[in-house]
Structure formats: structure tokens, C-alpha cells
Amino acid sequence: MARFLLGKVLVRELKGGLAVSRIVETEAYPVNDPAGHAFRGLTPRNRSLFLRAGHAYVYLCYGTSYLLNVSSEGPGTGAGVLLRALEPLAGIEHMRRTGKEIRLADLTRGPGRLAAALQVDRRHDGMDLFSRGPLWIGSDGAGVDSIGESIRIGLTKGAEARLRYFVAGNAYLSGTRRLNAKSA
DNA sequence: TTGGCGATTGGCT
DNA sequence: GCCAATCGCCAAT
């Protein structure tokens, strides 16, 4: 699922109009991953991870940032993919409408920032992202030439697994130079 | 009921 | 590169 989502188009219906972007960086949190929120079983917070593949799991991280994930294994099995970076394509003025001034290069770079730009929060938790609605993932999208891989970012548990995937060379990636090398 | 903690970010150096 | 901010969840009490 983490590889499948790369290059796909993510569409958000905002007040001013559609905000369209391309998924360029993901991280996988598979079944039985100690770093995954589903690891300790189903709870009220993480229930969306156990929905049929393609549903949104949104949670608040560090009390400051919402993070958007896509369930990848359900129904009944908890796993997901974190969206870490997007490439803005259209409706950029709508994404910028919120909050303070932010450079285009930083608008959707990083999991918390992309959720903020798209105004995604807990209200979107549990939504089916593979059917058209306020937030959905299009079936189309330009093909991805080359996929890079690295370890995941910001983990203490399961930190060594190479489960981060990105569109090689894309300008909107969130990792450091080292992690954005094609194989890190 | 409570204390520790986390899939982050932005400001400052 | 370092560090504080900030709050819901959950395991332990």
C-alpha cells in the first residue's frame, strides 16, 4: 500500500474549491509492527486502522499536529500507511488559506504540515478515501519513475526497518539529505 | 484517577 | 542541530 500510494492524486474539497496534490512520501506500519498504533490491539482511538484497506486514520501527535494515515489490511486486521509529504498541484491558494504565511516548499512537506494545509483532523477519521467525498485518493496519477527507500523517521521502536518510501528526487520530501538518497 | 509518552514542528543558534 | 510546546491515549494504580 505504501508503494501503491506514491504518485496517486489526493483531492480535498475545501471551502474555496478543490486542493489537489500528489503523494510523494509514505511510511508503512504493517501488522505486528511495534511502532504501529495497532500493535496493542483495537482501541477507540485506533479503530480506523482495522477498517477495510483505504480508510483514513487521523490522530493528534504531540498535541500539536494531526497525522493522516491510510488503513492497509482490514477489515479486522490493524495496519496502515502514514502520508508524509505531498506535491501541491492545484488549488494551492486554498491550502494556504489557513494559518500564517508559509513557503510553498514547506506547505505539504511533513505529515503534520500536509494535514494542516488540507485542514484534515479527527473529523476525517474513518472516512473511505477510495470513494469520492470531502477527501479522497484518485485512481489515476502519473506513474512513478523511481522509488527510494529508507528507515522511518522519528521512531524509537522498530527504528531499523526500511519502510519509508518516496518518489526519488522529488522537491517536497520531508527527510534529510541522507535519508532522501535513493537507498538509505 | 494519574503519569508518561509520542509516526512533529518551528524558532533559535 | 537542539529543544520546548502541548494534549489525547492508555497502562498502571
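This one's a predicted model, so the numbers in the text were calculated from it and none came from an experiment. Numbers restart at 1 for each chain; the letters A, B, ... are given by sequence-line order, proteins then strands. Because only heavy atoms are used, hydrogens play no part in the values below, and waters and symmetry mates are left out as well, while side chains stay in.
The distance from atom OH of A:Tyr29 to atom C1' of B:dG6 is 11 Å, rounded to the nearest whole Å. When rounded to the nearest whole Å, the span between CZ of A:Arg152 and C1' of B:dT8 equals 16 Å. Rounded to whole angstrom, the span from the CD1 atom of A:Ile153 across to the C1' atom of B:dG6 amounts to 15 Å. Rounded to whole Å, the distance from CG on A:Asp125 to P on B:dA7 is 16 Å. The interatomic distance linking A:Leu60 (CG) with B:dT9 (C1') rounds to 12 Å, in whole Å. A straight line from NZ of A:Lys157 to P of B:dG6 spans 6 Å, rounded to a whole angstrom. Rounded to an integer number of Å, the gap from A:Leu155 CG to B:dC5 P is 16 Å. Separating the CD atom of A:Glu160 from the C1' atom of B:dA7 is a distance of 15 Å, rounded to the nearest angstrom.
Side-chain proximity of A:Tyr62 to the nucleotides B:dG10, B:dA7, B:dG6 is greatest for B:dG6. Checked against B:dA7, B:dG10, C:dT6, the side chain of A:Arg113 finds its nearest nucleotide in B:dG10. Of the listed nucleotides (B:dT9, C:dC9, B:dA7), C:dC9 has the atom at the smallest distance from the side chain of A:Arg122.
Rounding to the nearest 0.5 Å gives a distance of 10.5 Å between CG of A:Leu173 and CG of A:Leu179.
The closest donor-acceptor contact from the side chain of A:Asn180 to the backbone of A:Gly175 lies under 3.5 Å.
Within the 4.0 Å cut-off from OP1 or OP2 of B:dT9, not a single side-chain nitrogen or oxygen of A:Arg109 is found.
Taken residue by residue, residues 30-49 of chain A places heavy atoms nearer than 4.0 Å to DNA chain B at A:Ala35, A:His37.
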Given A:His55 and A:Phe130, is the side chain to side chain contact (heavy atoms under 4.5 Å, CB included) satisfied, shown in steps? CA-CA 7 Å; A:His55 285 73; A:Phe130 288 165; over 6 Å; no

Evaluate the salt bridge (Lys or Arg N to Asp or Glu O under 4.0 Å) criterion for residues A:Arg3 and A:Glu149: first the C-alpha distance (whole Å), next the side-chain angles of each, then the deciding distance (0.1 Å), finally the verdict. CA-CA 10 Å; A:Arg3 289 171 163 278; A:Glu149 299 180 10; 2.5 Å; yes

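Across all strands shown, C:dC3 forms a Watson-Crick or G-U wobble pair, both distances under 3.5 Å, with B:dG10.
In this model, no donor atom of one side chain and acceptor atom of the other lie less than 3.5 Å apart for A:His124 and A:Tyr66.
Screening A:Asn69, A:Leu83, A:Val70 against A:Thr26 for a side-chain contact (heavy atoms from CB on, under 4.5 Å) leaves a single residue, A:Leu83.
Taking a cutoff of 4.0 Å between a charged side-chain nitrogen and a carboxylate oxygen, A:Glu25 and A:Arg164 qualify as a salt bridge.
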